[in-house]
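Notes for the one structure printed next.
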Amino acid sequence: MNRRPLGRTGLQVSELGYGCGMVGGLLVRGEYPAMRRAVARAIELGLNYFDTAPLYGDGQSEVNLGAVLRELRADVIVGTKVRLAAEDLGRIEAAIVESLEASLRRLGRESVDLFQLHNLITSQRRSEVGSLTPDDLPVVIRAFQTLHRQGKTRFW
């Protein structure tokens, strides 16, 4: 499996990543033995990036991925995300911190390699699509920087 640099992080990620979301849905609603076999085979073939999010199966993807990776003792790159809901927009920083801390509990990890914002950035907030505006970004950045300083995410 070929690897490519992930931006300026210094991480070398496989050209193919393992999506742990609803498309296919194995890590959301599959049977554990099948999950374990699929993840083990992906690693055997050289995949080293696993992408998950709290929205994937209402957190079940993170729970299942964490369990499988612990069992396999896999040294892989794990990324997760935060999506702020309309009710979070008055408390953006706290909501981001709470989201990552909940993800870490579900994954059974002290940190993730990559933490991403899962919201659209639009000229005006639109609660129906959960968008943020450029004016919201300083607070988002501050939260991500805090989590990085605390060692809860390597990159964001």
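Looking at Met1 and Asn48, their side chains never come closer than 4.5 Å, going by heavy atoms from C-beta outward. Contact annotation: the side chain of Val82 approaches that of Leu117 to within less than 4.5 Å [non-hydrogen atoms, C-beta and beyond]. Looking at heavy atoms from C-beta onward, Met22 lies in side-chain contact with Arg29 at the 4.5 angstrom threshold. Annotation: side chain of Val39 is in contact with side chain of Leu27 (closest heavy-atom distance under 4.5 Å). Within the 4.5 Å cutoff, the side chain of Leu16 has no heavy atoms near those of the Tyr49 side chain. Looking only at side-chain heavy atoms (C-beta outward), Arg106 and Thr80 stay at 4.5 Å or farther from each other. Between Arg91 and Glu98 the shortest side-chain heavy-atom distance falls below 4.5 Å. Two residues are said to be in side-chain contact when any heavy atoms from C-beta on lie closer than 4.5 Å; Thr133 and Asp136 meet this criterion.
To the nearest 0.5 Å, the span separating CG on Leu69 from CG on Asn64 amounts to 10.5 Å. Between Ser131 atom OG and Arg125 atom CZ the span is 8.5 Å, to the nearest 0.5 Å. In this structure, CG on Leu47 lies 10.5 Å from CD on Glu15, to the nearest 0.5 angstrom.
Under a 3.5 Å cut-off, the side chain of Arg109 and the backbone N or O of Lys152 do not form any donor-acceptor pair. No side-chain donor-acceptor contact under 3.5 Å links Arg36 to the backbone of Tyr32. Proximity of a side-chain donor or acceptor of Ser99 to a complementary backbone N or O of Ala95 within less than 3.5 Å is not detected.
Smallest separation of non-hydrogen atoms from Ile96 and Phe115: CG2-CE2, 3.8 Å. Pairing each heavy atom of Ser61 with each of Thr52, the nearest pair is OG-OG1, 2.7 Å. Residue Leu84 comes nearest to Ile92 through the heavy atom pair CD1-CG2, 3.7 Å, listed as atom of the first residue, atom of the second, then distance. Taking all atoms of both residues into account, the shortest heavy-atom contact from Ala38 to Tyr18 is CB-OH, 3.5 Å. Scanning both residues, Ser111 and Gly151, for their nearest heavy atoms gives CB-O, 3.1 Å. The two residues His118 and Tyr56 come nearest to each other via the heavy atoms CE1-OH, 4.0 Å.
A chain of hydrophobic side-chain contacts below 4.5 Å, direct or via other Ile, Leu, Val, Met, Phe, Trp or Tyr residues, connects Leu147 to Leu137. Residue Phe50 is not grouped with residue Leu6 when hydrophobic side chains (ILVMFWY) are merged at heavy-atom distances under 4.5 angstrom, including chains of intermediate members. Hydrophobic cluster membership is shared by Val76 and Leu104, with clusters built from Ile, Leu, Val, Met, Phe, Trp and Tyr side chains linked at under 4.5 angstrom. Cluster annotation: Val63 and Val78 are assigned to distinct hydrophobic clusters (Ile/Leu/Val/Met/Phe/Trp/Tyr, side-chain heavy-atom contacts under 4.5 Å, transitive). Under a hydrophobic-cluster definition in which Ile, Leu, Val, Met, Phe, Trp and Tyr are linked whenever side-chain heavy atoms come within less than 4.5 Å, directly or via other members, Leu114 and Leu65 are assigned to different clusters.
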How far apart are the C-alpha atoms of Leu100 and Val112, what are their side-chain angles, what is the distance that settles it, and do they pass the side-chain contact (heavy atoms from CB on, under 4.5 Å) test? CA-CA 9 Å; Leu100 182 56; Val112 291; 4.0 Å; yes
Run the side-chain contact (heavy atoms from CB on, under 4.5 Å) test on Leu55 and Lys81 for me, step by step, so that the C-alpha distance in whole Å, both residues' side-chain angles and the decisive distance to 0.1 Å come before the verdict. CA-CA 9 Å; Leu55 289 176; Lys81 305 169 195 78; over 6 Å; no
Evaluate the criterion side chain to side chain donor-acceptor pair (under 3.5 Å) for residue pair Glu62 and Ser103; output intermediate values, then yes/no. CA-CA 7 Å; Glu62 291 176 326; Ser103 290; 2.7 Å; yes
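Looking at Asp88 and Arg83, no side-chain N of the basic residue comes within less than 4.0 Å of a carboxylate O on the acidic one, giving no salt bridge.
The aromatic rings of His148 and Phe155 sit tilted, their planes meeting at an angle between 30° and 60°.
At most 12 non-hydrogen atoms from other residues, nucleotides or ligands lie less than 6.0 angstrom from CZ of Arg4. Other residues, nucleotides and ligands place more than 12 heavy atoms under 6.0 Å from the CD atom of Glu44.
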